[in-house]
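Since the structure comes first, as structure tokens, the remarks are kept for the end.
Whatever order the structure lists ligands and atoms in, that order sets their numbers, starting from 1. No hydrogens, no waters, no symmetry mates; every other heavy atom, side chains included, goes into these values.
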Amino acid sequence: METALIESRPAQSGSNTQYDAIVIGAGFAGMYMLYRLRQLGMRVCVYERGDDVGGTWYWNRYPGCRCDIESLSYSYSFSPELEQEWNWTERYAAQPEILEYAKHVADRFDLRRDIRFCMTVTAAMFDETSNQWEVISSDGTCARARFLISAVGCLSAGIVPDFPGLNEFKGSWYHTGNWPHEPVDPTGKRVGVIGTGSTGIQFSSAIAQSVGHLTIFQRTPNYSVPSCNAPLNPEELAEAKSNYRSIRAHCRYSKVGIPYVGNEKKAIEDTDRSRERNFEAAWNGAGFCFVLSYSDLLLDIKSNRTAAEFVERKIRETVKDPETAELLVPRGYPLGTKRLCVDAGYYQIFNQDNVSLVDVRTSPIESITTTGVRTLNKDYDLDVLVFATGYDAITGPLLRMDICGRNGRSLRRKWQGWPQSYLGLMMEGFPNLFTITGPGSPCVLVNMIVSIEQHVEWIADCIASMERDGKQTIEPDVEAECSWTDMVDEIANSTLYPLTDSWYTGKNVTGKSSRFTPYAGGMGPYRRYCEEIVEDGYRGFQFDRDLRQTQGAALNSPN
Ligand code: NA7
């Protein structure tokens, strides 16, 4: 049964307002955090940059935008009533449907009354005399709260490369992560897309039929597999609804937070024939789970090669022009170490006369002109230019804000070398600041909603236990933080991920320190670890830390 909401005190607007907790962001993480904090009877305010809920799914409105995790598991599990009343229509939900779901959740739980929309948090300072966070927002107002919870998402700080001349472009240009709310009709137009990650691939596949001409500027080819998306029929939906509790229970302790049971076999130990059969079956139905078709694809380079060769062959078989096919074949990095893309007929669009591929590795983009894109070899005239150029992932959205903890120590400075965090949840020197899906947590490697729910519930339980025990502050020890960060690193180094430059490693951002950020040990093991820490009296955390100790730790800290 759903827990009844305890009537919470309403948030107040205006300057110098006092709350029990401030949450930054009203995406899936922020909405659920608000719901749980209200259950504790807390006065909560959520600050949201957009004018409605939804986070990633609010901003990413580009044609073709769709989740690569199946709808039945990419949804909240906390409310059985919500599960039963919502009907997903497709195996992989498109952005408009996910946004509708987010809005439905906001309505159903009356969340909007505690959300301040169109408010960007610019800075937050911890006041040690009162143990309060002071939070400054874009309108210059300041609010105070004992707890500050970041729910800013991992992929919300979009990057538009600094090409000279962009301001002079006479056509329209957009970043996919900041897509206009009014419809953009590409019909018959000359459209250019820079970037061939998940977003560029989804966007290009969706508009290729309707545009006059589509020019895709590719720097690195990606591995992409068919989504095999399809409508969900009433029987499938009914079956899932009747089994939701066991599906959710499985997801919580699974490796990736999805109901898919991966193959325990190693690719390298299988016969050629059986491997071929297995890859073919995964290609024709597994979508993103293609990467789970053997247990060692992300661990063993030889095994990985077998999967990579399979996909490379599919590309060559699909794309009729051999030169284009060769340009599309990824080289020099293992499959899946840049996030595996899931498409709706991407390779097929290159057989259309109105689609061309430009290799900007051999002929780099030099500038944007008034009429289009200038590469080293050629000018391309365009009406619309789309940047599918990705994000300053995981840490970017946090560091856009000026966050200062004890002794005025800034998070930007602390994370100059590497984002140190304990469990991806808290940082030493930043009391009562929680990060939902922060660096060092499984975040982007698993079903994001499962990851969010686990963090939100851990944070809510932690705050509830502090209330019970009369504790004012919590923060991790420097030792716990260092050893967790080392463990994240060690696990990453046992996989193939760090071999590749990607947004997982931060290499896509000029000047960003490069190391694989997420915890790659899996959702289930991570959840168990977090549970053990609580059972062990919040091992590695300190409550009501003695200030003199903190100053000592700060002096000894390299950051
Ligand atoms: P990604 O996966 O980071 O892709 C960005 C793409 O943009 C990628 O192909 C980049 O090439 C390309 N890019 C970036 N900067 C440039 C410049 N300056 N010139 C040419 N090409 C450039 O972002 P997405 O939005 O597609 O996906 C992010 C995640 O969102 C996705 O994995 C899902 O989890 C959801 P590069 O590879 O760096 O050579």
Taking distance alone, with N or O pairs closer than 3.5 Å, would you say A388 contacts ligand 1?
yes

Taking NZ, NE, NH1 and NH2 as the nitrogens, is one of them in R313 or E309 under 4.0 Å from a carboxylate oxygen of the other?
no

Between Y58 and W179, is the gap from one ring center to the other below 6.0 Å?
no

Less than 3.5 Å between some nitrogen or oxygen of N222 and one of ligand 1, yes or no?
no

Can R219 be said to sit on top of F217's aromatic six-ring, NZ or CZ under 6.0 Å from centre and within 45° of the ring axis?
no

Heavy atom under 4.0 Å from ligand 1: found in F217's side chain, backbone, both, or neither?
neither

Taking only heavy atoms of T220, which atoms of ligand 1 are found under 4.0 Å from at least one of them?
36 (P), 37 (O), 39 (O)

With R339 as the cation and F288 as the aromatic partner, state whether NZ or CZ is under 6.0 Å from the six-membered ring centre and within 45° of the axis.
yes

So for ligand 1, is R339 a polar contact partner (N or O within less than 3.5 Å, distance only)?
yes

Hey, is F163 one of the residues with a heavy atom under 4.0 angstrom from ligand 1?
yes

Looking only at N/O atoms, are R219 and ligand 1 under 3.5 Å apart anywhere?
yes

With a cutoff of 4.0 Å, is I365 in contact with ligand 1, counting heavy atoms of the residue only?
no

Both conditions, 6.0 Å and 45 degrees, for the charged tip of R527 above the ring of Y253: are they met here?
yes

Which segment of T199 sits under 4.0 Å of ligand 1 when only heavy atoms are counted:
both

